[in-house]
Amino acid sequence: MGRYRDRVTNDPASPAHLASMPRAEFAFPGPLRDQLVAAILNGSKTSTTGLVVDYEHEGDPLPEVGDRSVVIDSDNRPVAVIEVTGVRVVPLAQVDLAHVVDEGEGDTSVAEWRANHERFWHSEEMRAALEDPVFTVDGTSLTVLERFHLVTDLRLTD
């Protein structure tokens, strides 16, 4: 009996294992999250960018290599497990094209990527989440550049 329970607990798709993992929620529920989750599931998204200030506001530690999390879709369902393979903290002005391309959002230049991300970070939703109605970023804002890979597509385990 003990071996079976250990196997189930160590299974990355088991409910007990998933419940113990932190949640990875890309953007806010809706079309953008749906797009990002689809890109993770099809393998075109292998990096993401967060703001240090967002981690600080939430009281969350910065990601570390080896961390695993459960990707949540817009319907609040777990759809994948990802594992962090790299983390860099850099000012927004130092985000490079390789990172931009690996985000899998279709941006072909750093300028295009930055404009799209600034639009998101300056949105009412983001400002509300940070509890700062005038929040803004600039080239000196610290970003968390995270690389990850897909460990388990949970849609395949149903």
Side-chain angles (χ1 to χ4, degrees), residues 12 17-18 20-156:
H17 195 259
L18 293 175
S20 72
M21 298 172 100
R23 296 163 54 107
E25 297 181 65
F26 290 80
F28 297 103
L32 179 57
R33 179 176 290 176
D34 296 340
Q35 173 192 343
L36 299 177
V37 168
I40 290 167
L41 293 170
N42 73 27
S44 62
K45 181 172 184 60
T46 58
S47 72
T48 193
T49 307
L51 296 173
V52 169
V53 69
D54 192 18
Y55 284 91
E56 290 171 344
H57 181 266
E58 294 298 320
D60 292 335
L62 295 182
E64 294 181 10
V65 172
D67 286 352
R68 286 188 174 190
S69 55
V70 179
V71 177
I72 304 299
D73 71 7
S74 288
D75 294 322
N76 205 36
R77 291 181 307 223
V79 294
V81 175
I82 57 173
E83 181 176 338
V84 176
T85 59
V87 178
R88 293 185 293 150
V89 176
V90 301
L92 180 57
Q94 292 181 16
V95 174
D96 57 88
L97 184 58
H99 180 80
V100 166
V101 170
D102 289 345
E103 280 208 359
E105 297 176 36
D107 296 316
T108 57
S109 72
V110 174
E112 178 184 20
W113 171 89
R114 184 167 167 177
N116 289 332
H117 278 67
E118 285 186 9
R119 191 169 23 263
F120 173 78
W121 289 325
H122 295 159
S123 71
E124 286 185 34
E125 285 178 304
M126 188 65 178
R127 288 175 171 165
L130 292 172
E131 301 176 82
D132 183 349
V134 295
F135 176 76
T136 189
V137 296
D138 61 29
T140 65
S141 300
L142 291 179
T143 61
V144 181
L145 307 185
E146 184 178 343
R147 293 190 161 285
F148 57 85
H149 73 272
L150 178 64
V151 174
T152 306
D153 182 337
L154 297 173
R155 301 169 309 159
L156 304 176

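Everything numeric in this text was worked out from a predicted model, so none of it was measured.
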So, Asp132 side chain and Val134 main chain: donor-acceptor pair closer than 3.5 Å or not? yes
With a 4.5 Å heavy-atom cut-off, do Ile72 and Pro78 have their side chains touching? yes
The salt bridge (Lys or Arg N to Asp or Glu O under 4.0 Å) partners of Glu112 (sequence neighbours excluded) come to none
Side chain of Ser74, backbone of Gly30: donor and acceptor closer than 3.5 Å? yes
With the side chain counted from C-beta on, respond yes when Thr85 and Val65 share a heavy-atom pair under 4.5 Å apart, and no when they do not. no
Shortest non-hydrogen contact between Leu97 and Ser109, atoms and distance: CD1-CA, 4.0 Å
Which class fits the ring pair Phe28 and Phe120: parallel under 30°, tilted 30 to 60°, perpendicular over 60°? tilted
Might you point out which heavy atoms bring Leu62 and Val89 nearest each other, and give the distance in Å? CD1-CG2, 3.8 Å
Does Leu145 offer a backbone N or O that forms a donor-acceptor pair with the side chain of Arg88 under 3.5 Å? no
Applying salt bridge (Lys or Arg N to Asp or Glu O under 4.0 Å) to Glu83 and not counting sequence neighbours gives Arg68
Is any side-chain heavy atom of Arg114 closer than 4.5 Å to one of Val95? no
Would you call Asn116 and Glu105 a side-chain contact if the rule is heavy atoms closer than 4.5 Å? no
Leu92 CG to Thr49 OG1 distance, which is reported to the nearest 0.5 Å: 8.5 Å
Could you tell me whether a side-chain N or O of Arg33 sits under 3.5 Å from a main-chain N or O of Phe26, the two making a donor and an acceptor? yes
Distance, nearest 0.5 Å, that separates CZ of Arg147 from OG of Ser47: 5.5 Å
Please tell me if the side chains of Glu118 and Val137 come closer than 4.5 Å, counting only heavy atoms from C-beta onward. yes
Spacing of CD1 belonging to Ile40 relative to CG belonging to Leu150, to within rounding of 0.5 Å: 8.5 Å
Report the distance from atom CD1 of Ile82 to atom CD of Glu146, rounding to the nearest 0.5 Å. 6.0 Å
Polar contact flag, side-chain donor to acceptor under 3.5 angstrom, Thr136-His122: yes
Partners passing ring pair (Phe, Tyr, Trp, His ring centres under 6.0 Å) against His99 (at least two apart in sequence or in another chain): none
Minimum heavy-atom distance between Leu51 and Met126, given as atom pair plus value: CD1-CE, 4.4 Å
Closest non-hydrogen atoms of Gly104 and Ala39, given as atom of the first, atom of the second and distance, are O-CB, 4.0 Å
For Gly139 and Pro91, work out which heavy atoms get closest and say how close. O-CB, 3.4 Å
Is it true that the side chains of His117 and Trp121 contain a donor and an acceptor less than 3.5 Å apart? no
Given side chains that start at C-beta, do those of Val151 and His149 come closer than 4.5 Å, heavy atoms only? yes
For the residue pair Pro63 and Val144, establish whether any side-chain heavy-atom pair is separated by less than 4.5 Å. yes
At what distance, to the nearest 0.5 angstrom, does CG of Asp54 lie from CG of Asp60? 8.0 Å
Quick check for you: to the nearest 0.5 Å, what is the distance between Leu154 atom CG and Asp73 atom CG? 10.5 Å
